[in-house]
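Notes follow the structure.
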Amino acid sequence: DDGIQSFRTEQEAMQARQQVSDILQSGGMKIKKWMSNNANVLKAIPIEDRAVSSQHFFEDQCMAPTKTLGIVWRADEDSLSIDTSKRGSVHEDLTKRTCLREMASVFDPLGLFVPLTIRAKMLFQRTWASGVDWDDSLPSDQQLKWFEWLEDIQQLSSLTVPRCIHLGLASPVWHRS
């Protein structure tokens, strides 16, 4: 499993990495694929324990994006996006089955791209309500809307969202009186 965590200082990050490694090691597990957007923290991680995309960072000073929590993290930009490069293009007549497959193939566990994913769910509700069987072609008006959504979803890889980091506030944002 993957995880993302932010720390206020390099020292906190290195201590947390060591503590997690020690705890898991005591249970007979070795944690690997460590990644950081901080060069000093990355230097403190043994090369064999780093994510593949960060192993050559000091040689070429750039990191390939890495997948974490089902999304793409570009550590050098500290941004998140969805990878759509492996999505095939759908050219055949759409069926209820192909629409469900395409809709389910967008994994957005953090809800970063809900405006697009919710649109697909609403389209699927209409498709379901139309009474079309699983492997029958959808009516042309529904096919048009699904093809528009499929085109839009291909654009997701060009959208990036800055990863949220500590605000540096000493007290909570909300206050009860």
Side-chain angles (χ1 to χ4, degrees), residues 1-21 23-24 29-92 94 97-124 145-168:
D1 286 346
D2 299 334
I4 295 178
Q5 180 65 45
S6 295
F7 297 95
R8 294 179 193 275
T9 67
E10 294 173 358
Q11 189 62 32
E12 284 181 26
M14 289 186 263
Q15 286 174 344
R17 189 201 71 80
Q18 191 60 54
Q19 288 173 349
V20 169
S21 294
I23 290 168
L24 291 174
M29 297 175 273
K30 180 164 173 99
I31 191 164
K32 291 187 169 251
K33 298 196 317 183
W34 287 99
M35 182 69 155
S36 177
N37 62 347
N38 181 287
N40 291 329
V41 173
L42 205 52
K43 282 179 189 176
I45 302 169
I47 289 177
E48 64 274 7
D49 292 346
R50 293 182 199 163
V52 174
S53 61
S54 67
Q55 288 181 353
H56 304 290
F57 172 69
F58 300 106
E59 295 165 11
D60 58 13
Q61 290 296 308
C62 68
M63 286 186 258
T66 188
K67 274 195 152 185
T68 185
L69 302 174
I71 55 177
V72 177
W73 178 38
R74 290 177 174 83
D76 51 345
E77 300 172 8
D78 208 10
S79 66
L80 303 171
S81 65
I82 291 181
D83 181 13
T84 60
S85 65
K86 293 185 176 113
R87 293 180 60 83
S89 53
V90 178
H91 296 292
E92 75 264 10
L94 294 174
R97 187 179 313 277
T98 57
C99 291
L100 182 60
R101 182 186 68 223
E102 291 299 319
M103 183 177 74
S105 72
V106 179
F107 185 62
D108 182 21
L110 301 176
L112 300 173
F113 304 101
V114 167
L116 274 173
T117 57
I118 198 77
R119 198 168 111 215
K121 292 174 184 178
M122 292 168 61
L123 280 170
F124 195 74
K145 291 190 182 301
W146 276 104
F147 278 122
E148 287 172 3
W149 181 79
L150 289 167
E151 285 179 27
D152 290 346
I153 216 72
Q154 290 291 16
Q155 303 303 313
L156 273 182
S157 62
S158 66
L159 296 175
T160 60
V161 177
R163 190 176 65 87
C164 183
I165 306 179
H166 292 289
L167 298 174

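These values consider heavy atoms only, across backbone and side chains, with no hydrogens, waters or symmetry-generated copies.
In this structure, CD1 on I82 lies 13.0 Å from CD on Q155, to the nearest 0.5 angstrom. Between the CG atom in L94 and the CG atom in L100 there is a gap of 12.5 Å [rounded to 0.5 Å]. For the atom pair CZ (R50) and CD1 (I47), the distance works out to 5.0 Å, reported to the nearest 0.5 Å. From D152, atom CG reaches atom CZ of R119 across 4.5 Å, with rounding to the nearest 0.5 Å.
Residues I71 and S81 share a closest heavy-atom pair of CB-O, 3.5 Å. Shortest non-hydrogen contact noted between F124 and W146 is N-CZ2, 3.5 Å. Annotation for S36 and A75: closest pair O-CB, 4.2 Å, computed over non-hydrogen atoms. N40 and M14 make their closest contact through O-SD, 4.3 Å (heavy atoms, listed as atom of the first residue, atom of the second, distance). Closest approach of I153 to L150, counting heavy atoms only: CG2-O, 3.3 Å. Counting all heavy atoms, side chain and backbone alike, K32 lies closest to E48 at NZ-O, 3.5 Å.
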List the atom pairs, with distances to 0.1 Å, where a side-chain N or O of residues 106-116 and a protein N or O form a donor-acceptor pair under 3.5 Å, not counting sequence neighbours.
unit_1 : atom_1 : unit_2 : atom_2 : d
D108   : OD1    : G111   : N      : 3.3
D108   : OD1    : L112   : N      : 3.0
D108   : OD2    : L112   : N      : 3.1
D108   : OD2    : F113   : N      : 2.7

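Formation of a donor-acceptor pair under 3.5 Å by the S21 side chain with backbone atoms of R17 is found in this model.
Side-chain contact between I45 and M35 is absent, with no heavy atoms from C-beta onward closer than 4.5 Å. In this structure the side chain of W149 reaches within 4.5 angstrom of the side chain of E102, judged on heavy atoms.
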